[in-house]
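Scroll down for the structure; my scribbles are underneath it.
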Amino acid sequence: MTSAPRPDSALVRIERVGVVHDGAVLLLEASAAVAAGEVLALTGANGTGKTTLLRVIAGLQAPTAGTVAVLGAAPDERDRAFRAALAALLGPPQTARDLTVAEHLQFIAATWGAGTAQARQRAEELLEELAIAPLAHRYPHELSSGQSQLVGLALTLARPARVLLLDEPEQRLDPHRLGLVIEAVRARARAGTAVVLATHSPRLLEELADSRLHLEDEA
Ligand SMILES: Nc1ncnc2c1ncn2[C@@H]1O[C@H](COP(=O)(O)OP(=O)(O)OP(=O)(O)O)[C@@H](O)[C@H]1O
C-alpha cells in the first residue's frame, strides 16, 4: 500500500532563494521553513537581503533563483486567498490623509468582513493592545515617527494573517513600546500565525525568535 504524500507542515518554505538585479546580488541563496506558531528572525548586516527576502515571500519581488511557497503555493499578491493569508509591514504603510487612525483600523477590519460594531471593537482592541488609544482620532501626518511605527503595526495586525511578515518592527520604539510589540507578535504566534521578521534588535531576537536565519554578504 502506498501512503498519500504528507502535506507540508510549513506555512512558509523557501528553498535556495536568491535575487540578482542588474548584475548585483540583492540576496544570496537562502533556505528556511516556518511552521504555524513559529517565529523566524532574519538577521545580518545592512544590505544582506533581509528586506528583499521578505518582499519575495510577500510576492512583491520575484526570486531569480530557488522557490518560495506560502501555504503550499507560490506567492500571488493579486490573489485574494493569498492576501487573506498574509499580512506584511515592509516600510511605512500607505495611509489616507483624510482618515483617522481609528477609521483606518475600522476600514481594514470591515474590508475583511467585520460588521460596523465588530470593526469598531476590533479597532479599539488593537489601539489598547499597542497603547495608542490616545492617537485614535489623529490623522496619519499628526504622528511622531515611533507612533507611526506603532500605527503601522496596528494596521498590519488588523488584517487576517496565517503568515505575518515584519521588517525591523523595533524601529524607533522606546523599550516599553518594544515590549508591547514583542507581546503582540508573540500572541499572534501562539494563536498559530507563522511569523518572519527582520531585525537588528538583540532583545527582539532573544525574546521572540524560535529560529534564526543569518544572511551573509557575497564573500
Ligand atoms: N531597488 C533596488 N535596486 C537595486 N538594488 C537594491 C534595491 N533595493 C535594495 N537593493 C540592494 O539590495 C541589497 C539588499 O537590500 P535589502 O534592503 O534587502 O537589505 P537589508 O538586509 O534589509 O538591509 P538593512 O539591514 O539595511 O535594512 C542591498 O545591497 C541593496 O543596496
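Counting starts at 1 for both ligands and their atoms, in listed order.
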Starting from [atom], what is the nearest protein heavy atom, named by residue and atom, and what distance separates them?
atom: atom 24 (P) of ligand 1; answer: Asn46 ND2, 3.5 Å
atom: atom 13 (C) of ligand 1; answer: Gly47 O, 3.5 Å
atom: atom 21 (O) of ligand 1; answer: Lys50 NZ, 2.7 Å

Kindly state if [atom] has a protein heavy atom within a strict 4.0 Å cut-off, that is, under 4.0 Å?
atom: atom 15 (O) of ligand 1; answer: yes
atom: atom 2 (C) of ligand 1; answer: no
atom: atom 18 (O) of ligand 1; answer: yes

> Thr51 heavy atoms, cut-off 4.0 Å: which ligand 1 atoms fall inside?
Replying inline: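 By the 4.0 Å cutoff, the relevant atoms are 17 (O), 18 (O), 20 (P), 22 (O).
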
>> Distance under 4.0 Å to a non-hydrogen atom of Thr52: what atoms of ligand 1 satisfy this?
In response: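 Matching atoms, with element in brackets: 14 (C), 15 (O), 16 (P), 18 (O).
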
> Would Val185 and Leu40 show up in the same hydrophobic cluster when neighbours are defined by side-chain heavy atoms closer than 4.5 Å?
Replying inline: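 No, it is not one cluster - the side chains of Val185 and Leu40 are not joined through contacts under 4.5 Å.
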
> If you draw a 6.0 Å radius around CD in Glu77, do more than 12 non-hydrogen atoms from other residues or ligands fall strictly inside?
Replying inline: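 Yes, CD of Glu77 has more than 12 neighbouring heavy atoms, counting only those of other groups under 6.0 Å.
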
> Do other residues, nucleotides or ligands put more than 12 heavy atoms under 6.0 Å from the CZ atom of Arg203?
Replying inline: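 For Arg203, atom CZ is crowded (more than 12 foreign heavy atoms under 6.0 Å).
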
> Can Gly49 be said to touch ligand 1, with heavy atoms closer than 4.0 Å?
Replying inline: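 It does; at least one heavy atom falls under 4.0 Å.
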
> Under a heavy-atom criterion of less than 4.0 Å, does Glu168 contact ligand 1?
Replying inline: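 Yes.
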
[X] versus [Y]: any side-chain heavy-atom pair under 4.5 Å?
X: Leu126; Y: Leu153; answer: no
X: Gln149; Y: Arg177; answer: no
X: Val101; Y: Leu143; answer: yes

> Less than 3.5 Å between some nitrogen or oxygen of His21 and one of ligand 1, yes or no?
Replying inline: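 No, since none of the N or O atoms of His21 sits under 3.5 Å from an N or O of ligand 1.
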
> Do any nitrogen or oxygen atoms of Leu26 lie less than 3.5 angstrom from nitrogen or oxygen atoms of ligand 1?
Replying inline: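 No, Leu26 has no N/O under 3.5 Å of an N/O on ligand 1.
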
> Do Glu125 and Arg122 meet the salt-bridge criterion of a basic N to acidic O distance under 4.0 Å?
Replying inline: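 The answer is yes: the pair qualifies as a salt bridge.
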
>> Thr199 vs Glu170, test: side-chain hydrogen bond (donor to acceptor under 3.5 Å, both in side chains). Steps then yes/no.
In response: CA-CA 7 Å; Thr199 187; Glu170 71 270 15; 3.0 Å; yes

